Amino acid sequence: MEGSSNVEDLAVGCLLSLKTTLGDEFEGQIITFDRFSNILEFSYLGHGEDPLDAKKCYLDLNALQAREELAVRKAEADAERIGVGVTIEAQGIFDALSKTLPVRWDKTVIVVMNEVRVKSPYLPESVSGGTPAANDRVKKVLEFERNRLQVRGASQ
């Protein structure tokens with residue numbers, strides 16, 4: 001990487017050789033690199049060490065990759081929970097319902113337990129589908145959550 005100024009070359013796990021303005025030289029393996037702040041963290045290897053020796057490896061690249069994949073999946077799941085084209089109130093109702101029931105968005109309709117649908121304006125009268133018991137349960141929870149959100153909104 002000598003003389004390289006390409007940020008893409010600074011990938012986690014890459015080896016890096018640094019020379020300070022005082023002439024000191026260091027070799028290390030990149031642990032993290034933040035492209036926005038240009039902050040680099042590396043693990044000092046010292047001289048004469050083989051950085052690819054599994055017994056002395058400082059990074060478990062498989063574990064790092066697994067953490068990254070888990071974080072991406074979580075971010076995707078979190079993004080699916082955000083309604084597109086819905087009001088703040090609708091999102092609040094969705095979030096409140098999601099604490100007690102399995103919910104997902106189908107455009108602007110809240111789908112509860114994969115069978116009951118709650119359409120705008122997200123009132124108990126807007127509930128349809130599903131078994132009568134499931135329908136009644138969703139209406140009851142929806143009414144409770146709307147009341148709780150109204151009380152919380154009035155106190156703020």
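Only heavy atoms go into these numbers, but all of them, side chains included; no hydrogens, no water, no symmetry mates. Numbering starts at 1 and runs along the sequence shown. The structure displayed is predicted, hence computed values, not measured ones.
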Which pairs, with at least one residue in residues 83-97 and sequence neighbours excluded, count as a salt bridge (Lys or Arg N to Asp or Glu O under 4.0 Å)? E89-R146
Non-hydrogen atoms of P124 and L142 that approach each other most closely: N-CD2, 3.6 Å
Hydrophobic cluster identity match, V109 and L97, side-chain contacts under 4.5 Å: no
Strictly below 4.0 Å, N to O, side chains only: are E143 and K140 in salt-bridge contact? no
Please confirm whether the backbone N or O of G83 pairs with a side-chain atom of Q91, one donor and one acceptor, at under 3.5 Å? yes
When you group the ILVMFWY residues by side-chain heavy-atom contacts below 4.5 Å and let the links chain together, are V138 and V103 in the same group? yes
Could you tell me whether K19 and D24 make a salt bridge, using a distance below 4.0 angstrom between a side-chain N and a carboxylate O? no
d(I93 CD1, S98 OG) to nearest 0.5 Å is 12.0 Å
For the side chain of N135 and the backbone of G129, is there at least one donor-acceptor N/O pair under 3.5 Å apart? yes
Just to verify, what does R104 make a salt bridge (Lys or Arg N to Asp or Glu O under 4.0 Å) with, not counting sequence neighbours? none
For the residue pair C14 and Q29, establish whether any side-chain heavy-atom pair is separated by less than 4.5 Å. no
Mind listing the closest non-hydrogen atom pair of M113 and A134 along with its distance? CE-CB, 3.7 Å
Are more than 12 heavy atoms, taken from residues, nucleotides or ligands other than I88, located less than 6.0 Å from that residue's CD1 atom? no
Donor-acceptor check, side chain of E80 to backbone of A75, threshold 3.5 angstrom: yes or no? no
If you round to the nearest 0.5 Å, how far is CZ of R117 from CG of D106? 4.5 Å
If we check side-chain contact (heavy atoms from CB on, under 4.5 Å) with V127, which of these qualifies: V118, D136, V112? V118
On the 0 to 90° scale, with breaks at 30° and 60°, tag the W105-Y122 ring pair as parallel, tilted or perpendicular. perpendicular
Could you check whether any side-chain heavy atom of S120 comes within less than 4.5 Å of a side-chain heavy atom of T108, counting everything from C-beta outward? no
Counting C-beta onward and ignoring hydrogens, is there a side-chain heavy-atom pair between E76 and V72 closer than 4.5 Å? yes
Decide whether V111 and L101 are clustered together by the hydrophobic rule: side chain heavy atoms of Ile, Leu, Val, Met, Phe, Trp, Tyr closer than 4.5 Å, transitively. no
Minimal heavy-atom distance between K99 and R148, with the atoms involved, is NZ-NH2, 4.2 Å
Can you tell me if CZ on R67 sees more than 12 non-hydrogen neighbours from other groups inside 6.0 Å? no
